[in-house]
Colleague: 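If you scroll down you'll find the structure; I have some questions about it.
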Amino acid sequence: MIIAKPKPIEEIIELVKDLKSVLVAGCDGCVTVCEAGGMKEAQVLASALRMYFRQQGKDARVDETSLTRQCDRPYIAQLDDQIEKYDAVVSLACGAGVQFLAERFSKKPIFPGVNTCFIGVTEQKGEWTERCQACGDCILATTGGICPIARCSKRMANGPCGGSSSGKCEISKETACGWHLIYERLKELGQLDRFERPNDPKNWATSRDGGPRKIIKEVSQV
Amino acid sequence: MSTNNSAKTPSKLQKIMDAGHFGVTSECGPPRGADGRIVEEKANLIGDYVDAINVTDNQTAVVRLCSLAACIRIKQMGFEPILQMVSRDRNRIGMQADILGAASFGIHNMLCLTGDHQSFGDHPTAVNVFDLDSTQLIQTVKMMRDEKKLLSGFEMKVAPEMFIGCAANPFADPFEIRVARLAKKIAAGAQFIQTQCIYNMDKFKLWMQQVVDRGLHEKAHIMAGLTPMKSLGMAKYMKNKVPGMDVPDSVIERLAGVPKDKQAEEGIKMCIEQIQELKEVEGVRGFHIMAIEWEEKVPEIVKGGGLYPRPKVD
Amino acid sequence: MRLNYPTNIKIVKLPCSGRVDILHLMKAMEEGADGVFVAGCLEGDCHYQAGNLRAKKRVAYVKEILDKIGVGGERVAMYNLSAGQGPRFAEIAREMTEKIKALGPSPIRIAKRKAAGRPTTEEAA
Amino acid sequence: MANTNNDQKKGAVLVVGAGVAGMQASLDLASSGYLVHLLDKSPTIGGIMSQLDKTFPTNDCAMCIISPKLVEVGRHLNIDIHPNTEVASIEGEAGNFAVTVQTQPRYIDLAACTACGQCRQVCPATAVNEFNQALDLREATYMRYPQAIPRGFTIDREVCIGCGLCEKVCLAEAIHYDDQARQKVLEVGSVILAPGNEVFDPSRFDTYNYLNFPNVVTSLEFERILSASGPYRGHLMRPYDREEPHKIAWLQCVGSRNINACDNSYCSAVCCMYAIKEAVIAKEHAHADLDTAIFYMDMRTYGKEFEQYYNRAKEHGVRFIRSRVHSIEPAGECDLRLSYTNEKGEQKEEVFDMVVLSVGFEVGQGTIELAERLGVELNEHHFAVTDGFMPVATSRPGIYVCGTLQAPKDIPQSVMEASGAAAGTSAMLSEMRWTETRTRELPPERDVSEEPPRIGVFVCNCGINIGGIVDVPAVREYARTLPNVVHVEDNLFTCSQDTQVRMAEVIKEKGINRMVVAACTPLTHEALFRETLLEAGINKYLFDMANIRNQDSWVHMNDKQKATDKAKDLVRMSVARAGLLKELHEKKVEIKQSGLVIGGGVAGMNAALNLARQGFQAVLVEKDKELGGLARRVSHTIENLDVQTYLDRLITQVKSDDNVTVLTEAEVVGFKGYKGNFTTTVQHGPDKTEQTVEHGVAIVATGAHEYQPKEFMYGESDRVMTQLELDKLLHERTNGSDPATWSNVVMIQCVGSRNEENPNCSRICCQSAVKHALQLKELNPEMNIYILYRDMRMYGLLEDYYTEARKKGIIFSRFELDNPPVVNRNGEGVEVTFHDHVLQRPVKVPVDAVVLSAATLANETDRLATHLKVPRNAYGFFIEAHAKLRPVDFSSEGIYLCGTAHSPKLISESITQALAAASRAGTFLAGKTLSVGGAVAHVDKTHCAACLVCVMSCPYGVPRINEENVSEINEALCQGCGVCVSECPAKTIQLSHYEDDQVLENVHALLEGVM
């Protein structure tokens, strides 16, 4: 899932402070699951903004809603009727949702209410970690199911580097050394031979480096 | 790619070690400014006592005068430079271009590194590239040299001739994979290895034994890394603060046992004793003396270690 | 144990402080409360295991938001006491009231009254 | 009980004594279908526990945890509380007793008294307040403590001057100066004795100068000093000058383990723990550094996780000094000098500001006389004589005993015994269940879901409690102006019986469909008013209370105007909330009338058998081929009862009972469902036949095993053995290894216990060692036996055997954890070297046998715990719902535990706990149906993101993502805490009755008033 975290409220206030009406739009997808941008967060933010405006002596309107997904048109179309009531929308969806809203409502400023961070997993309640960088060419089959691109600070294809210490990355004792994990896992799988085989330079063209990406599934199209 | 690591290059360092002599290298860190004379001053201090001079590449992710320009200066002084290259700051296009540029100035040694993470340096908000890692950089240089091809497959008329080196840290965790990783770099094409500075001799010997057991010392020249301790404070800092560094308590105790004004002298003495001890260790083919901001002591260490004068080769 | 405390404390009853929602605290402030405090069981004594610890975190979260929007995080607080500590409740009620009185009426309430054309000078209620 | 004719049996039970044990027995029985008469000679229930400040080892506030029980007892339809009452005589036999009871006059009619307290406020006479251990005074008209049940005052005629003031102010007309003692006859099937103990009166010891030095207090006085509701309001002060003490000493074993100055040779079993607790709590209360020292002989922290409590106290800086102090001398104006001899034999002297005497238990004279009247035999210490294999049965059939009359013990042990006694009773009277109980007939509920809110507001004057401060008519008139309000009235006492009847009429007449009562606290009165609603055919959830007394008139009595304004605010808030309340329908779910008992040892078998005798089906699952468990390896108890004969009898009874199904070589491999409706998959027999068991309750009795020592050459020499191995030798007496031939034996205590790896005390090993030492001495009086120990934990009546052992010349020598004895090979044999703490030098003894008192460790239950989702501690013992008051329940309802799966314990203790578990289980099953739902969480699945936040945050593991991929909360399991509701990031879970809009409307109504 996509993991996001709420933007600092002061940043959002800076974006909307001169407006008279704002819609806070949550998304029921990933950002709900990572507790960053669902209905709850929309209500909390809207309440905070209303209080902000009120004490500024402004009679601004701040409403909240949450859409099933902001990355699909039929769902964002639900705002078609209401959008005119607002000067701007603060979207709590991931960057994709924010942009999709912006495309649809081209005359309205659409502001991001969260920082979209990574593709990751829930470690425990309130803790998420990164697992995937969406490079477009998955190599997990060769690395024991642990991705060195997402989990090595230097995306090394042939790690670990000399900075690995007690299974932790040189950048922080909080971060596991991805290559240490790969090694342990390959050992468990009895595939340590893979570890000594140098991996060739990666083709990054499938990644963001190849420009904005697009996928077409022919069979799904008419 | 070919696994032939014995490719001959015009490198003097290679020739000295191939001839069975201990190789000696030292390093010089370029300044954080445009004053190229500093490089020359440092090179002058050590040039006659070593076979080649490493020039660091934005070491610890701090911006410095570029390694390539500093290498050219050293080359023009008549000394032999080792171009260090980290894959953090340039992609494969930039790095191959720099390798070609270096070769055009007659630079024939390269040390291929991944590089410290930028979060340690003076530009922690910078993007990192890591298009390739050190192993892949080794592969790349080897391909350019042996196959005369760029990574794209483009065939060059004149290829760079590089004696390819890399680093190895016998002390990083997990210890059990350190030799495996060295094997991997050698498999990729590394011809000489400069190790992390050694203080824990027992652990180094254990590592070296594994290297020898696997016959890796016959595929590449292992150069033991040494950094003399300037003071007790430095020893403690290295022990506690520098990742991947293994400083045993005996080193601390020995320095603590002498008066403060004698500690530097003791540090040099310890370094020389290490050289003498390491000469006897099977597989050790040279020494890489990293006297950090203490280049003037390199001659004393080289002499003390019985490594002077340096042999002459064609 | 009939101890005196100021009349401006009014209690909203919930089954557990774990039911106190961030939104409840926000809405109370938004509606113009001068201060809100959560009275939960003693730490380690939650009938529902850890509801009071969750409440504590939520209070801290709301404090941060209120600080950032200029309403003042010190207007919300978490207290822990047991059902047997009547005097402690009275003490907390006085302490909280004094604190809020020193801060004065909530800026939200002042603004709301101003907008409604009502006097804004009375002390915190 | 076999010869009792069923036709004559009674479905009622008499419980004598309403302390924590009596209350527990009453609750179990009343909820499982018996009418209970609960007697207490005092005007209130609660016993000694209500006087405690905190309780070990959880440091819970005693009043906080007991008061819900008080309320539950007070409100129970099938418990008749008889305060101020004692048993006069008894006739009849088990199943059918006629008990004459005598009630002393109270002078206040409980039916009329509303506990408003006006009488107390005007009372001019004062008396010593015995509840606060005479540290302060109370009025002659009094309530023992504020939370007391029954909720009503008493007049102490001993001090009452008959001035008539109270009578004048009592608007309820409850005062009757001419009240008389009354007798009545109660017909009951069984009697449970739980009269409790008294604490030892230390004034008998003149050397402690308890009567002369005010700063020498008893431990119970110290509890009151620490208590927030005590004489000093919880401020740590010493009586003499009300200054905070800086140095306090506790003297242990005052009135216990002593046959010189008093006759109490037994150990009182609780004083070590409470002294530690008091020292720790006192340190927490102290404003400056407080030095605390406990003078003791053996630190007896033998209960579950007590040893860790002791260790933490040491870390806290509590000093433990092993010495018995014989006298307290004055020092200066009011300080106290203690002289003592330390372990090294040195004379020491220390001055303290305050000394607490850790007084023990003793059976009171009144109880001794009671036992005589009932024909119940007492032992030489005046504790009730019981059978080791039926520890809750007295010498007289049909009369059971629990709590400290049985032997000195702590609260959890008392609670377990109380449930155990209830189980005994219930098994005896099971066919009489529900024959004498009362039920409430209610009219059908009117569906009001489509009606607009029509709110009735009832404002209470509470005599003058509210009306004297708050302008009730003004509040009443104000309420009339509020939206949706169709009826308003005020009453003198809204809770009085006549008002209740009239309210129900008004509700029907006016078509009221929501009720607001502005009166006192829902804690005591919500249930009552909900019943009134039900009587009027309205759903009980359509009700809200505005607490204009405790939260208003009582706390703002100096400002009538503001109090009136606040009352209006509170009423407005309640009316607003009431308008949004919804009807909630609790569902009735059938409870499967059977139990699954896991573990076929003594505990499991007793639990299964008792369930069966209570009339329920029981399936007993045993992992081995044979039933019997660890007890198979114990030949006799310390009282010399024959365990194997008992076990054979028990196994026969279990196997021949039609209600019990035994599955051996069996393992639980699947478990699902919820309380009342579990489905368990069991594989059993040599072929692992799979069988599904449907059951309403489960009892975990998986037992424990003896630790296999790694130390002291165990396994290296056949001379080194464990206590259980010695038991076998003693039992078999085979040639070549007959212990009778031994001349020197050393026993080493705490092997595998009380160390870093296992910090727990194994509780039973001290008695195992003494038991076997005595048996060895019996075989060969010349044998030299050394018991090397750290603390001899011969708690309660076991102390007598310790005394006997010393008398018989068994040598006890203490060692420290860091200087343990050493066992070495010596030629063919072995020798033990240990440090003798009297001689202060090492002693070497060649021995025939070294007996290791090895720890008792929990059996492996990883998979079972996962299946059942029940918690275990770090050492594999299961964790009960509450260490003090729910010692056999798990926090998930419908699952119970007993025996050594809970913690190490004696066979008799396991039996008691097994009966307790069966009682709790039977109480649950006897309900036949279960009301579920009501104020629980529900999911609106249309917005559920299946994010698992509810699953991760529920403290009970209730929510699950179902087959539709949305969260589902089983209303039978939800505890209604609302945590998931407040965590749900999609805001798609609501807690019924506390829905967001209901809460926020409350807030909104409050604040719109100040805008």
Side-chain angles (χ1 to χ4, degrees), chain A residues 4-26 28 31-32 34-66 90 92 111 113-115 124-128, chain C residues 12 18-36 38 48-51 53-76 100 103-121 124:
Chain A
K5 67 174 184 188
K7 271 189 177 293
I9 181 116
E10 59 271 32
E11 205 177 304
I12 297 172
I13 288 174
E14 200 52 41
L15 297 170
V16 302
K17 63 178 196 239
D18 297 325
L19 305 177
K20 287 203 163 51
S21 57
V22 176
L23 178 66
V24 178
D28 296 347
V31 289
T32 295
C34 67
E35 302 184 49
M39 189 51 157
K40 168 76 167 273
E41 292 298 322
Q43 289 178 353
V44 172
L45 175 60
S47 175
L49 291 179
R50 281 191 295 267
M51 275 193 262
Y52 168 78
F53 284 123
R54 175 59 67 193
Q55 64 149 333
Q56 295 295 311
K58 286 182 67 174
D59 203 11
R61 170 178 189 162
V62 183
D63 294 334
E64 67 262 3
T65 186
S66 190
V90 175
L92 302 187
F111 299 124
V114 302
N115 289 321
Q124 54 176 328
K125 191 172 179 304
E127 181 184 338
W128 298 272
Chain C
V12 174
R19 174 64 189 101
V20 176
D21 198 311
I22 287 170
L23 278 167
H24 299 159
L25 302 174
M26 295 287 289
K27 288 276 190 180
M29 293 308 295
E30 191 185 331
E31 296 253 13
D34 293 320
V36 186
V38 178
Y48 299 107
Q49 299 184 16
L53 301 181
R54 290 190 184 275
K56 179 180 167 183
K57 296 224 167 152
R58 293 179 194 144
V59 167
Y61 186 87
V62 171
K63 272 177 176 288
E64 199 183 318
I65 294 178
L66 293 179
D67 273 335
K68 286 181 172 175
I69 59 177
V71 173
E74 63 275 33
R75 291 181 182 276
V76 293
I100 299 296
L103 291 170
S106 130
I108 303 294
R109 196 157 69 91
I110 294 176
K112 278 192 149 181
R113 289 182 71 93
K114 204 183 273 174
R118 301 168 72 178
T120 58
T121 46

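Just so it is clear, the structure is predicted and the values come from calculations on it, not from any experiment.
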Colleague: How about C:Lys112: does its NZ atom have over 12 heavy atoms from other parts shown lying under 6.0 Å from it?
Modeller: yes
Colleague: Which atoms form the tightest heavy-atom contact between A:Ala48 and C:Ile65, and what is the distance?
Modeller: CB-CG2, 3.7 Å
Colleague: Taking only residues two or more places apart in sequence or in another chain, which ones pass side chain to side chain contact (heavy atoms under 4.5 Å, CB included) with A:Glu41?
Modeller: A:Pro6, A:Leu92, C:Tyr61
Colleague: Mind checking whether A:Arg54 and C:Glu30 have side chains closer than 4.5 Å, heavy atoms only?
Modeller: no
Colleague: Does A:Lys125, at its NZ atom, have more than 12 non-hydrogen atoms belonging to other residues, nucleotides or ligands within less than 6.0 Å?
Modeller: yes
Colleague: Do A:Arg50 and C:Lys27 have side chains that approach each other closer than 4.5 Å (heavy atoms only, starting at C-beta)?
Modeller: yes
Colleague: Can you say whether C:Leu66 sits under 4.5 Å from chain A via the side chain, the backbone, both, or neither, judging by heavy atoms?
Modeller: side chain
Colleague: Heavy-atom pairs under 4.5 Å with chain A: which of C:Gly32, C:Ala115, C:Pro107 has the most?
Modeller: C:Pro107
Colleague: What is the distance from atom CD1 of C:Ile108 to atom CE of A:Met51, rounded to the nearest 0.5 Å?
Modeller: 6.0 Å
Colleague: About how many Å separate OG of A:Ser47 and CD of C:Glu31, when rounded to the nearest 0.5 Å?
Modeller: 9.0 Å
Colleague: Please report the shortest heavy-atom distance between C:Leu23 and A:Gln43, naming the atom on each side.
Modeller: CD1-OE1, 2.7 Å
Colleague: Using atom types as modelled, flag every donor-acceptor pair under 3.5 Å from a side chain in residues 8-15 of chain A to any protein atom, sequence neighbours excluded.
Modeller:
{"residue": "A:Glu11", "atom": "OE2", "partner": "A:Lys7", "partner atom": "NZ", "Å": "2.6"}
{"residue": "A:Glu14", "atom": "OE2", "partner": "A:Lys17", "partner atom": "NZ", "Å": "2.4"}

Colleague: So with a 6.0 Å cut-off around NZ of C:Lys63, is the heavy-atom count from everything else above 12?
Modeller: yes
